[in-house]
Each structure stands twice: as structure tokens, then as C-alpha cells.
Amino acid sequence: MSTIDLAAISAAQTRLLAEIGKPIELLDRSTRKRVVVPPADAAHPEAYLPVFLISAETLWLELTGTGFALDVSRTPDSALGYAVRKVRAGSFTVVMLCLIDVTMRLAEMDDALVLNHLIDFWGEAHGRIADVAPTLQGAT
């Protein structure tokens, strides 16, 4: 199985985030303070790119029933404790189209791109997938 160039995905996502022109922020839920995250950090494989990719993969999974075969590993020294190592399925174009969709949805929600909302996207899509799964299993 071939892999998609992770550096190319990261670079394209960095450009997309910069072109949107809104601040990228992380909300500390306990203090309600927002911390600004530079686009290059938000799109870094050991920072917030795993959350973007998981949200994008969830969108693709909901649309097609297949994912990106993400290789995400635990990395205690990274921003979220996880890093994406490989994207092993799909194509660069499909991955980026899903990332663009997720990123634009994020941009429409607030005066900033609040990274915490990506978790909400994943949860909502995961719930819809779980609702459809029994129907799909019964059809086989």
C-alpha cells in the first residue's frame, strides 16, 4: 500500500490555514482562555494535524465507508500526545478536499478557527456513522 506524502499534506494545510486569515486558537476549557496557534504548528504532524486528519477521515468514512488508514501513534512529547506518521489510503487530492471541507466548516463557526471544535465534528460524524452501521450490517 502506498503512502501519501505527509510533508506535502502538512505544507498544503499550513497554506490553507494562513490564507483563511482568521486566528487559529485552542480553548482552555478550564480557564476559558484562548491560546493562539501559528498555522505551521496547527498543521504539524506532531501538533494538531492528527486532529484535522481524523476529522477529515471521519468525513470521508461517512461519505464512502472507507478511511485514510491513518498511522497515528502515541508520542508523549507532542502537543496532544499523538502524532500522525503516515496516511496510507486515499489520494492527496481526496485527503486535501476533506481537509478543506473540515477547515472551512471550522472557519464558519467563530471569529477564529477554534481547534477544540474539531473534536465536536468527529463526535457528530461518529454518531451518524454508528446510527447507519446497524442498517448496513443488516443489508448484507
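Computed from a prediction, not measured in an experiment: that's the story for all the values here. Values below: all heavy atoms of this structure, side chains included; hydrogens, waters and symmetry mates excluded.
- Between the side chain of Thr58 and the backbone N or O of Ile54, at least one donor-acceptor pair lies under 3.5 Å.
- Residues Asp111 and Lys22 fail the side-chain proximity criterion, which asks for heavy atoms closer than 4.5 Å.
- Side-chain polar atoms of Thr64 and Thr66 form a donor-acceptor pair below 3.5 angstrom.
- Cluster annotation: Val36 and Ile24 are assigned to distinct hydrophobic clusters (Ile/Leu/Val/Met/Phe/Trp/Tyr, side-chain heavy-atom contacts under 4.5 Å, transitive).
- Under the 4.5 Å side-chain heavy-atom criterion for ILVMFWY residues, no single connected hydrophobic cluster contains both Val51 and Val35.
- Distance check: Leu16 CG to Ile100 CD1 gives 6.0 Å after rounding to the nearest 0.5 Å.
- Scanning all heavy atoms of the two residues, the minimum distance from Ala69 to Arg88 falls at O-NE, 3.1 Å.
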Item checked: Check against side-chain contact (heavy atoms from CB on, under 4.5 Å), Tyr48 and Leu26 -> CA-CA 10 Å; Tyr48 302 98; Leu26 188 62; 3.3 Å; yes

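- No side-chain heavy atom of Leu27 sits less than 4.5 Å from a side-chain heavy atom of His117.
- A donor-acceptor pair shorter than 3.5 Å can be found between the side chains of Ser30 and Asp28.
- Looking only at side-chain heavy atoms (C-beta outward), Phe92 and Val87 stay at 4.5 Å or farther from each other.
- Counting heavy atoms from C-beta on, the side chains of Arg34 and Val114 come closer than 4.5 Å.
- Leu53 and Leu59 fall within a single hydrophobic cluster, where Ile, Leu, Val, Met, Phe, Trp and Tyr side chains are chained together by heavy-atom contacts under 4.5 Å.
- A heavy-atom distance below 4.5 Å is found between the side chains of Arg85 and Glu46.
- Nearest heavy atoms, Ala89 versus Val95: O-CG2, 4.4 Å.
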Next item on the list: Could you walk me through whether Val84 and Asp71 pass side-chain contact (heavy atoms from CB on, under 4.5 Å), step by step?
Entry: CA-CA 6 Å; Val84 63; Asp71 178 359; 5.9 Å; no

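- In the hydrophobic cluster analysis, where Ile, Leu, Val, Met, Phe, Trp and Tyr join through side-chain heavy atoms closer than 4.5 angstrom, Leu97 is grouped apart from Ile4.
- The side-chain heavy atoms of Glu57 and Val72, taken from C-beta on, include no pair separated by under 4.5 Å.
- Counting heavy atoms from C-beta on, the side chains of Leu17 and Leu113 come closer than 4.5 Å.
- The minimum heavy-atom distance between Leu6 and Lys86, with the atom names listed, is CD2-N, 4.4 Å.
- Considering every non-hydrogen atom in both Thr75 and Tyr82, the closest pair reads OG1-C, 3.3 Å.
- The minimum heavy-atom distance linking Arg32 with Arg29 is given by the pair CD-O, 3.6 Å.
- Residues Ile20 and Leu115 are members of one and the same hydrophobic cluster, defined by side-chain heavy-atom contacts under 4.5 angstrom among Ile, Leu, Val, Met, Phe, Trp and Tyr.
- Side-chain N or O atoms of Ser10 include none that pairs as donor or acceptor with a backbone N or O of Pro45 at under 3.5 Å.
- Taken from CZ in Phe68 to CG in Leu99, the straight-line distance is 7.0 Å, to the nearest 0.5 Å.
- For the residue pair Gly67 and Leu61, the shortest heavy atom distance occurs at N-CD1, 4.2 Å.
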